[in-house]
Amino acid sequence: MKPILKRYLPFIKEYKLQYLLVLVGIILTVGATTATAHIMKPLMDDMFVSKKEEMLYLIPLGLVVIYFLKSLGRYIQSVYMNYIGQHIVTRFREILLEKIISLDMTFLYLNRSGELISRVTNDIGRIEYFVSNMLPELLRETLTVVALVGYVIYLNSTLAFYSLIVVPLIIYPLILIAKKLKKYAHRSQEKNADVLTRLTEVFNNSEIIKANATEKYEVARFSMQNWQFFKINMKSVYVGEIVSPLMEMVGAAGLAAVIFVGAKEVYDGRMSVGEFTAFLTAVGLVFQPIRRIGSIYSKIQNAVAASERVFEILDTPSRITDGERLLEEDIWHVEFKNVTLKYLDAYALNDVTIAINRGENIALVGDSGGGKSTFINMLLRFYDPDSGAIFINKTNIKEFNQISLKHHISLVTQRIYIFQDTLAANVAYGQEIDEARVYEALLLADASKFVEKLEHGIYTKMEEFGANLSGGQRQRVAIARAIYKHSSLLLFDEATSALDNESEKRIQKALGEYTKDKITITIAHRLSTIEDADKILVMQSGAIVACGNHKELLETSEIYQRLAGEFEK
């Protein structure tokens, strides 16, 4: 637990004022709790035995003041504990999300989305108790125990020995229980991630589930994970709930010893009835915070397990290290020099060398898995080469700050991403909305006609995944987004696959004028896309096996002849 506490310390230090107010609340609560035991002595000796009349007024008034201070202290403590917890957790969600999306694409591909969502939501929620409640509650209950034990010893040290000898017996089983709970907490959080992953898959693939009538099959798969989650949580409950009855039994044994020894002290005249009542009350009050400390310690294991999972992500280094140089000018030259990238045991790119200049329109063709998408992804630094280098404007791409680099690149993929926001916000994604530029981009993307028919035009709200648009309309919005960015390097990964031939021709004609001073790299899926390309790269197994324009390749490359024939079909 110490390493975790050290990690939180920089954050905790930022809440000094709030923790000071929590401490004030704790002192009021502890003082009032000790005063509750102390008032029993005058209640019994002066009010009931000696029958002093003024005590009829002072004792009730004293009890009201004691419980007012106790209530005030608990309120102050509770409010500021919750403020600290909610504030830190809110910040941690942002920190964790920022870390996750800043990591390299390999990390994001290898980790399930449900697992990552679980870390941001469930695990962060569990550490709220750790950062807000644990420290103040432990401090409050510990101070309460110290104050009451001190008072008990002050009243009768012999009797205190008999009453408190049972406390050390609690510690060992508590440590064993805590270890078990931490193990179950880790397993519970992992299984919760499995449940979230299954739900994410179901909601993201609802169309294919409906189309194949596999609703019962998916519910059965979810049910298996769901009930495994239940069983793990119940194991945690079985072990965790032992703490409270264990404390009750130990507390009862201590109380029995106090009553037996204390009664003898009263019989022998060494203790007044009032002193014994105050002592008995104090001992009873001691076991309450001890029991709560045991319960807190059990809950901490859950928070510690969640914290370890969160910090595991925060400590994960990105495989892509950011450069310091800002790319301020437009991209006018791109060069791959002997670039090799391996994924598992296969080459994603194999000794690729090519230079591309401003104004050139490059097409990539080849069989599936030939390295076309990887070629494009390397320019976005989704991956770095295992060997060789990529140069932008004659400078190694690794030297550039990634944000400044991507500011000059637009990407349109076959998979379209539409956010739950207005159409205008989707086109201007990440930038200020300029209506004139939005309309211009939509016009070039052949999207003006369908946008005019939308109820609120460019301010129509898009549904999740753009469900209120057709496939072709979504693709036009994605192309408009790339145009709006005014990038100098355009990357099209089968960007017009959902469009009919006529729509594609209109967009290509509009883009032809727009891209003549830019570098355009297109993964081709139709003959019409590549016929007008300045240069066509034929890729197989990550290598460029042929290069030239359409006419040249038809004469010199058998692979290209086959591909061209397939495209025509």
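- The main-chain N or O of L327 is found under 3.5 Å from a side-chain atom of S404 such that the two form a donor-acceptor pair.
- Other residues, nucleotides and ligands place more than 12 heavy atoms under 6.0 Å from the CZ atom of R91.
- When side chains are defined from C-beta on, I392 counts as touching L379, because their heavy atoms get closer than 4.5 Å.
- Of the candidates N377, I544, T374, T340, T374 is the only one forming a side-chain contact (heavy atoms from CB on, under 4.5 Å) with L349.
- Proximity of R119 to E312: side-chain heavy atoms (C-beta onward) are separated by under 4.5 Å at one or more points.
- Relative orientation of the Y514 and H486 rings is tilted, given thresholds of 30° and 60° on the angle between their planes.
- With no hydrogens or angles considered, no side-chain donor-acceptor pair links Q420 and K461 at under 3.5 Å.
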For this session: Given side chain to side chain contact (heavy atoms under 4.5 Å, CB included), test K394 with W332 step by step and report yes or no.
Result: CA-CA 9 Å; K394 306 292 185 179; W332 49 266; 3.8 Å; yes

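- You'll find the side chain of V477 stays beyond 4.5 Å of the side chain of Y429, heavy atoms only.
- Between D194 and R112, at least one side-chain nitrogen of the basic residue sits less than 4.0 Å from a carboxylate oxygen of the acidic one, meeting the salt-bridge criterion.
- Atom CD of E329 has more than 12 heavy atoms from other residues, nucleotides or ligands within 6.0 Å.
- For N393 and H333, the side-chain atoms include no donor-acceptor pair closer than 3.5 Å.
- For F11 and F92, the ring centers are positioned less than 6.0 Å apart.
- By the 4.0 Å N-to-carboxylate-O rule, E190 lies too far from R187 to be salt-bridged with it.
- For F336 and F375, the distance between ring centers is under 6.0 angstrom.
- Judged purely by atom type and a 3.5 angstrom limit, Q431 has no side-chain atom pairing as donor or acceptor with the backbone of A428.
- Side-chain contact check for V365 versus L553: every heavy-atom pair is 4.5 Å or farther apart.
- Residues I95 and L314 meet the side-chain proximity criterion, which asks for heavy atoms closer than 4.5 Å.
- Between T200 and E115, the closest side-chain pair of non-hydrogen atoms is not below 4.5 Å.
- The residues E555 and K551 are annotated as not salt-bridged, no charged nitrogen and carboxylate oxygen being separated by less than 4.0 angstrom.
- Other residues, nucleotides and ligands place no more than 12 heavy atoms under 6.0 Å from the CD1 atom of I403.
- Counting non-hydrogen atoms of other residues, nucleotides and ligands closer than 6.0 Å to NZ of K516 gives a total of 12 or fewer.
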